[in-house]
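The block underneath contains the structure these notes are about, expressed in C-alpha cells.
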Amino acid sequence: MKIQLKNSEKLMEYNEPVSIFKALKELLPDSKPFAAKVNDGEAVDLTSMLDKDAIIEPLDFSSAEGREIYRHSTSHLLAMAVKELFPEAKLAIGPAIENGFYYDFDIDVLFSPDQLEQIEKQMKKLAKKNIKPERFTLPRAEAIAKMKELGEPYKVELIEDLPEDSVISFYKMGDFVDLCKGPHLPYLNYIKAFKLTQVAGAYWRGNEKNKMLKRIYGVSFDTKEALDSYLEAQEEAKKRDHNKIGRELEYFTTVDYIGQGLPIMLPKGSRTLQILQRFVEDEEERRGYLLTKTPLMAKSDLYRISGHWDHYRSNMFVLGDPNDEKSECFALRPMTCPFQFQHFLNKTRSYRDLPMRLNETSTLFRNEASGEMHGLIRLRQFTISEGHIICTKEQVEHEFEESVKLAKYMLETVGLDDDVSYRFSLWDENNRDKYIGDPETWENTQDFMRKILMDIGIDFTEAKGEAAFYGPKLDIQIKNVFGKEDTLITVQVDFQLASRFEMFYTDKDGIKKNPIIIHRTSIGCYERTLALLLEKYAGALPMWMSPEQVRILTITDRNDEWAKEVQTRLQSVGIRVTIDNRNEKIGLKIREARLERLPYMLILGDKESENKTLSVRDRAGETTDGVSLDEFTSKALELINTKAKY
RNA sequence: GCUGAUAUAGCUCAGUAGGUAGAGCACUUCCUUGGUAAGGAAGAGGUCAUGGGUUCAAAUCCCAUUAUCAGCUCCA
C-alpha cells in the first residue's frame, strides 16, 4: 500500500499496516507533528494505524487544527494536575479556545492565585514525564459504568446524551482517564509553554439554572517566546481599554450613587457623541430618512400590544404599580419600534408612501442584570441610531441592501470597517417555539438576505438560532481589547410585527396589505461605538471627531493677544480650539497636550507673533515652524471636512 | 443574577501581630517671562465606598449594602 504526503510527491510503500507516526517519521524525518488528517478526513491520533492507500497531512502548530489539538491536550494536562492535587474535583469539560484552553471543575476549593501557581507547577512536572496519551473505546453502557466507578457524574451525563449505539472514546494519560473525542498529542512533553491566567465561574452546560462550576483559563503556545510575546501584547491591549482611557481622558465617569450602567458623559465625551450624531442624522437625511422624536416612556398598554409586557418586562423599568388597576402604569422604553410606527399609523397609507424610512436618535432603557454592565459597552441607558424602513415585499431586497451599505459606509468613515465581522443570524428550525411566523417565510427571507449579502460581497458566517424572534438578522460584530465580541450594528428583516400593530397600506390593486419592516441601526449605539473608537485609536480620535482639535500653547504672555486672535480666526471656520496660556514651562504644556492625544498644538513665541506664523506640532511630535495661519487653517479644514483618519 | 477579586486625597498607590492617616503627581498661592516630555517654594485637600456589629480602641476583624474589574449567562 502507498502512503503519500499531501501536497507532495513524497511517498512510502508498506506491506503491512503502519502507524501514521511511523509513516510520517519516514516521510518527514525532521518534523514533529501533533496529529494528522487521512484523506482529508477529520484529524486523528498519530497512533492510528493505516492499512490501505492513503494521503496523509500532518498537523502541527502552524495550522489552526494543530493549535487546537495542542491546546486541547494542555487542558487535559490541567485536569490531570487538578485531579492529583484535588482528587475530590469532578470533571466537566475542557476544550481549546482561541490562544488557549479552559477546564471546568465542580469543586469547593476557590482556586486562589497561590493554588493556581501550585497547579501550574504540577502541570510542568507532569509535562516533563513524557506521558503518552492512549486512546481506548468502550460501548456506551460500559462507558457509563466506568465513569460512575470513577465518580464523574458530569461525564456520565455527557455520555447519556450520546446516541444509544455510539462507541465512546477515552484517553488514558498515566493514571488519569478522561472521556474525550480526541485527538491528542503523541506525548505530553510536546507541551512547551503555557500559563494559567484566571479562575471564573461558569454554568454547567452554559445554562444559568445549572450549578456554577469553577473554570480555570490558560493560554498555551509552542514556544516560550510566543507565549511571552502574547502575554506582552495582552498587556499592551489593556492600555487601550476604553474603560481606562475614557475615564483618564475625561470622556465619561460613573458615580456609585447614580447607579450601574448609567455613565455621566463629560464635555469631551458629549462633544464626540454630538459630532457622531450630527454626522449620522445628516447622512440619513441625505438618504431619504424622515426624522422622528418620540416619547421615552409609554403606558403599559403599548407594551401589551408589542408583546414586551409579557416577554420582556423583567428587563424594563416600570413606573407605578402594575397590580394597581386604578392608577396608570408606565414603563421606560426598551425599544423604539412601536413609537416610531405611529408615524405610519397616523393616517391611511398607500403604496405611494413606501418605502418609508424613519430614523431617530433614540435613547433606550433596559434593566440589564447587575453583572452585565461594562464601561460604555453595556449600559442600562443608551442612545442608538435607530431606524425602521416600512416597505413593500418588492422593495425589501433593495432597502435591505441599502441599509447594509449605509452601515458599511458608517464603519468605513469612522475607521472600524477592518475590525468587524459579519454574522448572519438565522432561526433554528428545530426550536420553533422561539419564533413567530411560518417556516416558509423564514426560509424565503433568509434566502434572499443570503443572496444580497453574497451580491454585495460581504464575507459572513451563519449562526443558527441567533435570529430575533420576529426575523433573521445581519449582525456586525466587533471585539473589544479583551477579545470579547459584541454586536455593534444590526439589520433585521421582520415580516411579523406589521400585522401585530395593524399596519396596512393600500396597494395598486386596491387591496390592504401589511408592509414589511426593516429594523436597522446605522452606526449602532453611540456609547458603544465611542468605546470601540477609543480602543481603536488608543484615545487619539481622528481630528474630525476629536472634542479638542487644536490647542494653542503660549511661551510668553507677550503673545496672549496673538493667541486669542489665532483662536478666533480658527473658531470662526468651525475648528475647536483652546488656549493654554498658564504660566508654566512650555515643556510641561506640551507634555500635557500629548498625554491628552490632541491632534495639533500651536506653539507661540515672540518669533511667530512678529512674523505672523505658527509653530505647528502634530500628533507624531513633528514640529513645523513658519506656517502661516491661512495654510494651517486650510489644512485643518481639509482633514475635518474629508473626515480623514488623522 | 451567578463565580472570584477590589474599594484609602482628583490620579497612581503605601499604610497586617486593631492604638491619632502617608508619598508622588495634579490643584491653589507666591517666585520664575520662557523654546519643545516635568523650574523653585509654600499651602490646601481624606466621614479610609455606605450602614451595622465585635472591641477600652477599627482604614485594619465580622455581617449587610453599593460601586468597580474579569469571567459565565444575556445583549445594542
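Values below: all heavy atoms of this structure, side chains included; hydrogens, waters and symmetry mates excluded. Labels below follow one simple rule: chain letters A, B, ... track the order of the sequence lines, proteins then strands, and each chain is numbered from 1.
For A/Arg520 (side chain) and A/Val404 (main-chain N/O), no donor-acceptor pair under 3.5 Å exists by modelled atom type.
The nucleotide whose nearest atom lies closest to any side-chain atom of A/Ala200 is, among B/G71, B/U36, B/C72, B/G71. The listed nucleotides are B/A76, B/G34, B/U73; the one nearest the side chain of A/Tyr203 is B/U73. The side chain of A/Ser615 lies closest to B/G35 when the candidates are B/U73, B/A76, B/G35. Closest approach to the A/Phe382 side chain among B/G35, B/A76, B/C75 is made by B/A76 (side chain taken as heavy atoms from C-beta onward). Comparing B/G34, B/U68, B/G71 against the side chain of A/Arg558 picks out B/G34 as the nearest.
Contacts of A/Thr623 with the nucleic acid, taken as non-hydrogen atoms under 4.0 Å apart, include base atoms. The residue A/Asp486 sits close to a base: some heavy atom pair falls under 4.0 Å. Note on A/Gln477: nothing from the nucleic acid sits closer than 4.0 angstrom, heavy atoms only.
Under the 6.0 Å cut-off for aromatic ring centres, A/Tyr103 and A/Phe105 qualify, their centroids lying closer than that.
Taking the P atom of each, B/A64 and B/A5 are spaced 13 Å apart, rounded to whole Å.
Between A/Glu236 and A/Lys239 there is a salt bridge, since at least one side-chain N of the basic residue sits less than 4.0 Å from a carboxylate O of the acidic one. Taking 4.0 Å as the cut-off between side-chain N and carboxylate O, A/Glu157 and A/Lys211 do not count as a salt-bridged pair.
Residue A/Lys589 has no polar side-chain atom (N or O) positioned under 4.0 Å from OP1 or OP2 of B/G34. At B/C27, one or more side-chain N or O atoms of A/Arg582 fall inside 4.0 Å of OP1 or OP2 (strictly under the cut-off).
Put simply, the side chain of A/Gln260 and the base of B/U66 share no donor and acceptor less than 3.5 Å apart. Side-chain N/O atoms of A/Arg366 and base N/O atoms of B/C75 include no donor-acceptor pair closer than 3.5 Å.
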**OP:** Starting at the 5' end of RNA chain B, write a dot or bracket for each base, bracketing those in Watson-Crick or G-U wobble pairs whose two distances are under 3.5 Å and using | for partners on another strand.
**Re:** (((((((..((((.....[..)))).(((((.......))))).....(((((..]....))))))))))))....

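With A/Phe317 as the aromatic partner, A/Arg333 does not meet the cation-pi criteria of under 6.0 angstrom to the ring centre and within 45 degrees of the ring axis.
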